[in-house]
Number of protein chains: 2
Amino acid sequence: MAEASLKKAVYEQLARIGKAVASPPRLELLDLLCQGPRTVEGLAREAGLSVANTSQHLQILHAARLVEARKEGLFVTYRLADQQVCEFYRTLRTLAESRLAEIEAIVRMFNSGRESLEPVEKQALLERVRRAEVIVLDVRPPEEYRAAHIPGAVSIPLKELKAHLSMLPRGREIVAYCRGPYCVLAVEAVKLLCAKGFRAVRMDYGVPEWRAEGWPVTGGEDPR
Amino acid sequence: MAEASLKKAVYEQLARIGKAVASPPRLELLDLLCQGPRTVEGLAREAGLSVANTSQHLQILHAARLVEARKEGLFVTYRLADQQVCEFYRTLRTLAESRLAEIEAIVRMFNSGRESLEPVEKQALLERVRRAEVIVLDVRPPEEYRAAHIPGAVSIPLKELKAHLSMLPRGREIVAYCRGPYCVLAVEAVKLLCAKGFRAVRMDYGVPEWRAEGWPVTGGEDPR
DNA sequence: CGATTATTCAAGTGTTCGATTGATTAATGG
DNA sequence: CCATTAATCAATCGAACACTTGAATAATCG
């Protein structure tokens, strides 16, 4: 009767969100959208999906009200429906990290030991970044930097890093960051910089993590 | 290459959790497990599913490491793998509530106006419950009360309420609670109590909500 | 207006999922 | 050691999903 259908209806609604995050490509799209708004084409390119496929996945995310679409000229720009969606994605990631040992194993395999900082070291690094005591380098694509970045950060997308090394000082320490803990852009950047004789380390925080700590970010006019 | 497979692998892991919460019956099972450990049969009965079906859903939740199974004699008891899982479920629910207008509509349709308290009233009610200034009545099944309940609460399962009305004082105000905002047990209990001349109101907090506020709960020895 | 480009739609196909059914395993108790 | 009970397994079938392909739509610009 009434109770049973109430219950059923509510769980069906919750499952709409669940279904939205039940697919690896959709999670990747969400991850990208946490960096800032993007067109369908941009998302498709970044995630390595076909445009049609990307469009369909975005529609599923839209049906779950996790993202919004806005037509701007010839392009459709998708963005998170709410900052809360990013928080939810991060909660999901945190849960996965602590429950699924596989994730740590995957990351460890990739990092091959070099990258892992002690928690204490990491806190000290964050603090120095926050106080702008080091050169902070944002190696994400320019539109993501434009959408939001850590205050004081310099933007040199990884692709252009090799060509713009002269923009960086040799004496001071460089801290590179990208999208977050699972993004490899900053790892690559540090590898390159160190090879060229710079003093560089990676910070595994991205803008979402930075923001989640309550620290301010720059950019993202977001003119609704 | 390596980067692509790292990314893919991580998103696949996250999707394991997503898939686990992409099905209404699994969400209901999680909801029940947030109240405390339960056998397969108990969960099946409570959720209105077949035992075989319930067992299969529980195995999917287990594969995502959200729940743990322990054989105790002839029964297998399932429980949340971690309190963090309950928090995650609540985060999902909060997101759904704020993003999906449908949920509010469903609840409003069921409550038909009577039940909705003003936020201020609600805070005051919680405070009075916390200070044990009212009779607090737990109308959930006894095993859930045993697993954890609000300090000072009296347990009278809804099914036995009619037969045990004499256990309740007529003068003092009664606050009934059950599993949480979408559970109808307390609504039914209040309906019955008011019809019998008691002064009773419903509190839409359950133990998980209570706990999430940082308030203590009683019970749940949990002898691992 | 016609060409171009970004996006979506529609159809097709192979795969996975969800629930049911009946058989099987595992622990308990007479 | 057989009967009982709880839970799982295995097989099945229809529904839902994921991705591809090619066509359709919609905005822009020469």
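What you see below is based on every heavy atom in this structure, not just the backbone, and it leaves out hydrogens, waters and symmetry mates.
At whole-Å resolution of the value, CZ in B:Arg16 and P in C:dC17 are 13 Å apart. Atom CD of A:Gln59 and atom C1' of C:dT7 are 9 Å apart (whole Å). Going from atom CG of B:Leu27 over to atom C1' of C:dG18 covers 15 Å, rounded to whole Å. Atom-to-atom, NZ of A:Lys19 to C1' of C:dT16 comes out at 13 Å; the value is rounded to the nearest Å. For the pair A:Leu61 CG and C:dT7 C1', the computed distance is 16 Å after rounding to whole Å. Counting to the nearest Å, the C1' atom of D:dC19 and the CG atom of A:Leu29 are 14 Å from each other. Residue B:His62 contributes atom NE2, which lies 11 Å from atom P of D:dC9 at whole-angstrom precision. Going from atom CZ of B:Arg45 over to atom C1' of D:dA6 covers 13 Å, rounded to whole Å.
Applying the salt bridge (charged side-chain N to carboxylate O under 4.0 Å, His left out) criterion to A:Arg16, with sequence neighbours excluded, gives B:Glu102.
Nucleic acid contact class of B:Val76 (heavy atoms, under 4.0 Å, all strands): sugar-phosphate only.
The pair B:Glu209-B:Arg93 counts as a salt bridge, with a side-chain nitrogen and a carboxylate oxygen less than 4.0 angstrom apart. Classification of A:Arg79 and A:Glu72 as a salt-bridged pair holds, one side-chain N sitting under 4.0 Å from a carboxylate O. Taking the charged nitrogens against the carboxylate oxygens, B:Glu87 and B:Arg90 have no contact shorter than 4.0 Å, which rules out a salt bridge. B:Glu188 and B:Arg140 are not joined by a salt bridge, as no carboxylate oxygen comes within less than 4.0 angstrom of a charged side-chain nitrogen. The pair B:Arg179-B:Glu46 meets the salt-bridge criterion, since a charged nitrogen lies less than 4.0 angstrom from a carboxylate oxygen.
Taking the six-membered ring for Trp and thresholds of 30 and 60 degrees, B:Tyr205 and B:Trp210 have ring planes more than 60 degrees apart, a perpendicular arrangement.
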statement: Counting primed atoms, P, OP1 and OP2 as sugar-phosphate and everything else as base, the B/S/- map of nucleotides 19-30 of chain C against protein heavy atoms under 4.0 Å is BBB----SBS--

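Stem regions annotated for DNA chain D: C:1-30 with D:1-30, counting only runs of 3 or more consecutive pairs of Watson-Crick or G-U type with both contacts under 3.5 Å.
A close approach under 4.0 Å does not occur between any side-chain nitrogen or oxygen of A:Tyr78 and OP1 or OP2 of C:dA6. Checking the phosphate oxygens (OP1, OP2) of D:dT8, a side-chain nitrogen or oxygen of B:Ser55 falls inside 4.0 Å.
For the residue pair B:Gln84 / B:Tyr89, no side-chain donor-acceptor distance below 3.5 Å is found, with atom types taken as modelled. Side chains of B:Tyr11 and A:Asp31: a donor on one and an acceptor on the other come within 3.5 Å.
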